[in-house]
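These numbers come from a predicted model, not from an experiment.
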Amino acid sequence: GACLASLPSPPTTSPTAGGGLDVWYKEGDDYANGKCSNARPLPKWRPTSATKEACCASQYGSQFSNACMCDANPCYSCKCADAQDATKCPALSYCRVTTVPPTN
């Protein structure tokens, strides 16, 4: 009993919910590449949002890389890795640069 009680997340006698949390929070302190998470356990003193997109908007609203919003929605902007894939992000066709062959 005493050994188990000293664990960071000791087992309980009642069932605990599995999977992710129902809220999203800022993950880590790397603003440039930061993302939002719903992984358990919820870190203390982290503000939460109802959706991943809302978390990104509130915690990383001026993030130049759009890393958080691209993680939440791979077709969010031209900066997202999937933006160049016409089958994944057809609405972002303006992101795909086509080159015109030179004329002789």
- Only counting residues at least two apart or in another chain, list the ones meeting side chain to side chain donor-acceptor pair (under 3.5 Å) with Lys26. none
- Listed once per pair and sorted, the ring pair (Phe, Tyr, Trp, His ring centres under 6.0 Å) pairs that draw on residues 22-51, sequence neighbours left out: Tyr31-Tyr60
- Message: Does anything in residues 54-67 form a salt bridge (charged side-chain N to carboxylate O under 4.0 Å, His left out)? List the pairs, not counting sequence neighbours.
- Response: none
- Can you list the other members of the hydrophobic cluster that holds Met69, where links are side-chain heavy atoms under 4.5 angstrom apart? Tyr76
- With sequence neighbours left out, write down each residue that passes side-chain contact (heavy atoms from CB on, under 4.5 Å) with Ala54, or none if nothing qualifies. Ser49, Thr51
- Qualifying salt bridge (charged side-chain N to carboxylate O under 4.0 Å, His left out) pairs with a residue from residues 55-66, counting only residues at least two apart or across chains: none
- Item | Pairs involving residues 63-78, ordered by first then second residue, that meet salt bridge (charged side-chain N to carboxylate O under 4.0 Å, His left out) (sequence neighbours left out) | Lys52-Asp71
- Query: Is there a donor-acceptor contact under 3.5 Å from the side chain of Glu53 to the main chain of Ala57?
  - Reply: no
- Item | Test: Cys36-Cys55 SG spacing under 2.5 Å | yes
- Item | Cys75/Cys89 sulfur gamma separation below 2.5 Å | yes
- Can you tell me which residue pairs pass the side-chain hydrogen bond (donor to acceptor under 3.5 Å, both in side chains) test with a partner in residues 83-94, sequence neighbours excluded? Asp85-Thr87
- Could you go through the side chain to side chain contact (heavy atoms under 4.5 Å, CB included) check for Asp22 and Asn38 one step at a time? CA-CA 7 Å; Asp22 291 335; Asn38 70 339; over 6 Å; no
- Message: Checking Phe64 now: which residues fulfil side-chain contact (heavy atoms from CB on, under 4.5 Å) with it, not counting sequence neighbours?
- Response: Lys79
- Item | Spacing of NZ belonging to Lys35 relative to SG belonging to Cys68, to within rounding of 0.5 Å | 8.5 Å
- Item | Partners meeting side chain to side chain donor-acceptor pair (under 3.5 Å) with Ser77 (sequence neighbours left out) | Asn66
- Please list, chain by chain and in numerical order, all residues satisfying side chain to side chain donor-acceptor pair (under 3.5 Å) with Asn33, sequence neighbours excluded. Asp30
- Query: Rounded to the nearest 0.5 Å, what separation is found between the SG atom of Cys70 and the CG atom of Asp82?
  - Reply: 9.0 Å
- Query: For Ala32, does its backbone N or O pair with a side-chain atom of Ser65 as donor and acceptor, under 3.5 Å?
  - Reply: yes
